[in-house]
Peer 1: 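Sharing a structure below in structure tokens format, with a few things to ask.
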Amino acid sequence: MCGIFAVFGHGGDTTAFRDRALTLSKKIRHRGPDWSGIKVVGRHILCHERLAIVGLGSGAQPLTNADESVILCVNGEIYNHKALRKQLKGKYEFQTESDCEVIMYLYEEMGPAFINLLDGIFSFVLYDARKDEYLVARDPIGVTTLYQGWSGKDGSVWIASEMKSLNEDCDRIIAFPPGHVYSSATKQTTRYYEPVWWDPKRLPPSTPEPDLKAVREALERAVKKRLMTEVPFGVLLSGGLDSSIIAAIAARYTRRAAATAAAAKKQGATKADGTDDDYIEEAVHAAALWPRLHSFSIGLPGSPDIAAAQRVADFLGTAHHAFTFTVQEGLDALADVVYHLETYDVTTIRASTPMYLLSRKIKAMGVKMVLSGEGADEVFGGYLYFHQAPTDADFHAETVTRVQNLHTADNLRANKSTMAWGLEARVPFLDRGFLDVAMTLDPKHKRCGPGVMEKSVLRKAFDTPDDPYLPHDILWRQKEQFSDGVGYSWIDSLKEMTERAVSDEKWAARAVRFPHDTPTTREAYYYRELFHKHFPQRACVESVVRWVPRLDWGCSEDPSGRAQTAHQQAYVAAEAGKKRAASPARKPASPKKVKTQK
């Protein structure tokens, strides 16, 4: 991923504005420390900050076609770019090995309709000098971040990967909606991504059993696509279900990659012939450059995640790197975390702080790309509050709504926490093909409840005793939200510190200080103050969405998994089981099994 910044229709002297544009683009240089580029055309300016992952020596942006009539700035990765090259009708002289250059030629042949062909994560601006028109687009689920702003001074339109490049100059700012494209020709923002499952009220067809093989194969394919890289990579491994499954799949393919690449080279068949599957296999061969998978975890000393991640790493044979941080180190990082996240949402900040610290460690080791497990909880209803869903229809609708809003929470966290240090996170659970399988499962097979663990259908899909992906206890480990799993004292310390930091006087006047979206806890107030220091404009506040469980389902407003009833019940059951096992006076337990909640 990279950083993009553009201004269209600047009302002043664009040559004079060039220095200002470079300054604003520099604010997001942490996203792309490898190179910077700028193009000025008439009243328009396009800037790019590059993080080189594919096409290392030749992919500097902005990209242009042969006569420079089309200019392109992209943040992201197009996994099917080689297959798309084969689909072009005309003959084009590709100037780079970048996975993004094909976008310009698809546009020349198809206009905006090409966007639905892209399989990847992306945000881009494309300027057509012949028509003096431009397009802005964002990937289907919003894995990449993108903002749009407007200046009332001259009516100009501003685009940036992060809000910090816009807030000083724009009167209005929005998070550009995922799965949409904006056309200056029509001045309309329209949805291009409309899968069959997008309507929360539309229930998938009823089936007697879930297709576990389809779930497993779709996720494996999603992971394989994301091995397209020319730089050292690894996996984020918390020891929870989601990251462990991604790590298990990646470990399998990286182990096989060296052998298959060697065999293909011996046969003189290292290049793909043109099908999508061929190019996916080629990506796996490229991963053979880094034949041993590296995994990374973080937590407070003695945290649940550190121990679980090490167990998974030992099982998979990864080169594992476990890092610890102190509560004080986490507290010291909060101001920087809020600056990079551009939000005051409690859940996002709690979980982002350890991820932010871990990303710094990973980048220092020379790694530039990691696979991560975001999205599974939304897709499969994995948050513990889903236990309280009243009906199958309610459960399904909530999963769809959570996926639709991922760009406001987990996607924002995963993108900005890592890109703060120039580290790219790829999320296989949000692959378009995988979503088409997982989101069309009959919700009765995805539901959790009494005696049924959350994400059970995903666990079953990878519960293959003859060729296990993971240890059984990891596959059926109770859900820990990342901010909980790094160590329970992390959240407890945040609450204690913010209770002390926010005085009674400040708390009493909270509605006066923050009349819009007034904080409901002192912890929320503390983060809001940090946010206000960096982003005092009303336009910035209106871009924030807070993550809160379903209060109408009887859930606690505190987003911590420990605050949900299912976690407490599972903990009580587990403690009771330990006492029974330790009691010499008790007779052996009956054969009946009781699964703990994840």
Side-chain angles (χ1 to χ4, degrees), residues 30 33 51 231-248 250-251 254 290 292-341 347-374 410 413-427 470-471 474 477 480-494 497 561:
H30 50 272
L51 178 66
V231 298
F233 70 97
V235 292
L236 301 183
L237 181 59
S238 70
L241 176 70
D242 312 332
S243 65
S244 296
I245 287 178
I246 298 302
T254 50
W290 324 102
R292 190 174 183 202
L293 185 66
H294 287 248
S295 56
F296 307 92
S297 65
I298 192 167
L300 298 173
S303 73
D305 277 2
I306 289 285
Q310 187 63 59
R311 175 147 165 68
V312 175
D314 292 343
F315 182 85
L316 299 178
T318 65
H320 188 61
H321 310 274
F323 300 102
T324 58
F325 72 102
T326 66
V327 168
Q328 189 59 53
E329 286 171 334
L331 297 178
D332 291 343
L334 285 174
D336 289 340
V337 169
V338 171
Y339 173 72
H340 281 287
L341 293 181
T347 309
T348 306
I349 294 167
R350 285 177 176 178
S352 293
T353 304
M355 197 172 193
Y356 172 84
L357 297 172
L358 176 60
S359 296
R360 188 177 189 179
K361 293 281 191 180
I362 294 172
K363 187 62 185 290
M365 296 178 66
V367 172
K368 296 176 76 172
M369 186 274 282
V370 289
L371 302 179
S372 191
E374 275 74 24
D410 278 24
R413 167 178 59 80
N415 185 284
K416 292 182 179 178
S417 297
T418 54
M419 290 299 286
W421 302 106
L423 176 69
E424 176 177 305
R426 297 181 179 177
V427 285
L470 293 168
I474 295 293
R477 182 187 174 204
E480 296 281 7
Q481 272 153 239
F482 185 52
S483 51
D484 288 325
V486 297
Y488 291 153
S489 60
W490 169 235
I491 290 180
D492 294 340
S493 298
L494 286 172
M497 182 275 289

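Below, all heavy atoms of this structure are taken into account, side chains as well, without hydrogens, waters or symmetry copies. Along the sequence shown, residues are numbered consecutively beginning with 1.
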Peer 1: Tell me whether the count of non-hydrogen atoms from other residues, nucleotides or ligands lying under 6.0 Å of NZ in Lys361 goes above 12.
Peer 2: no
Peer 1: Would a 4.5 Å heavy-atom cut-off, applied to side chains only, mark Met365 and Phe296 as touching?
Peer 2: yes
Peer 1: Between Trp490 and Arg350 (side chain of the first, backbone of the second, donor and acceptor by atom type, cut-off under 3.5 Å), is there such a pair?
Peer 2: yes
Peer 1: Can you name the closest pair of heavy atoms from Leu300 and Thr326 and give their distance?
Peer 2: CD2-C, 3.9 Å
Peer 1: Is Thr324 reaching over with its side chain to a backbone N or O of Pro301, donor-acceptor style, under 3.5 angstrom?
Peer 2: no
Peer 1: Val370 pairs by side chain to side chain contact (heavy atoms under 4.5 Å, CB included) with which of Ile362, Val235, Ile246?
Peer 2: Ile362
Peer 1: If you take all heavy atoms of Tyr356 and His340, which pair is closest and at what distance?
Peer 2: CE1-CD2, 3.8 Å
Peer 1: Can you tell me how far CG of Leu334 sits from OG1 of Thr353, rounded to the nearest 0.5 angstrom?
Peer 2: 5.0 Å
Peer 1: Any chance you could measure Ile349, atom CD1, to Leu494, atom CG, to the nearest 0.5 Å?
Peer 2: 9.5 Å
Peer 1: Less than 4.5 Å apart, side chain to side chain, heavy atoms only: is that true for Lys416 and Ser352?
Peer 2: no
Peer 1: Where do Ser244 and Leu316 come nearest, in terms of heavy atoms and distance?
Peer 2: O-CD1, 4.4 Å
Peer 1: Rounded to the nearest 0.5 Å, how far does CG of Leu371 lie from CG of Leu237?
Peer 2: 11.5 Å
Peer 1: When you compare the side chain of Ile306 with that of Phe323, does any pair of heavy atoms fall below 4.5 Å?
Peer 2: no
Peer 1: Looking at CG of Leu423 and CZ of Phe233, how far apart are the two atoms once the value is rounded to the nearest 0.5 Å?
Peer 2: 13.0 Å
Peer 1: Give me the atom names and distance for the closest heavy-atom approach of Pro471 to Arg311.
Peer 2: CB-NH2, 3.4 Å
Peer 1: Taking the basic N atoms (NZ, or NE/NH1/NH2) and the acidic carboxylate oxygens, is any pair closer than 4.0 Å for Asp410 and Arg413?
Peer 2: yes
Peer 1: Just wondering, do Phe315 and Ile474 contact through their side chains at under 4.5 Å, heavy atoms?
Peer 2: no
Peer 1: Determine whether the side chains of Ser372 and Glu374 contain a donor N or O and an acceptor N or O closer than 3.5 Å.
Peer 2: yes
Peer 1: Heavy atoms, side chains only, cut-off 4.5 Å: are Leu51 and Met419 in contact?
Peer 2: yes
Peer 1: Which heavy atom in Val367 sits nearest to a heavy atom in Gly234, and how many Å separate them?
Peer 2: CG1-N, 4.1 Å
Peer 1: Does the side chain of Ser359 reach to within under 4.5 Å of the side chain of Thr418, using non-hydrogen atoms?
Peer 2: yes
Peer 1: Considering residues at least two apart in sequence or located in another chain, which fulfil the salt bridge (charged side-chain N to carboxylate O under 4.0 Å, His left out) criterion with Lys368?
Peer 2: Asp34
Peer 1: How long is the gap from CG on Asp242 to CG on Leu236, to the nearest 0.5 Å?
Peer 2: 12.5 Å
Peer 1: Pro33 and Gly422: which non-hydrogen atoms are nearest, and at how many Å?
Peer 2: CD-CA, 4.4 Å
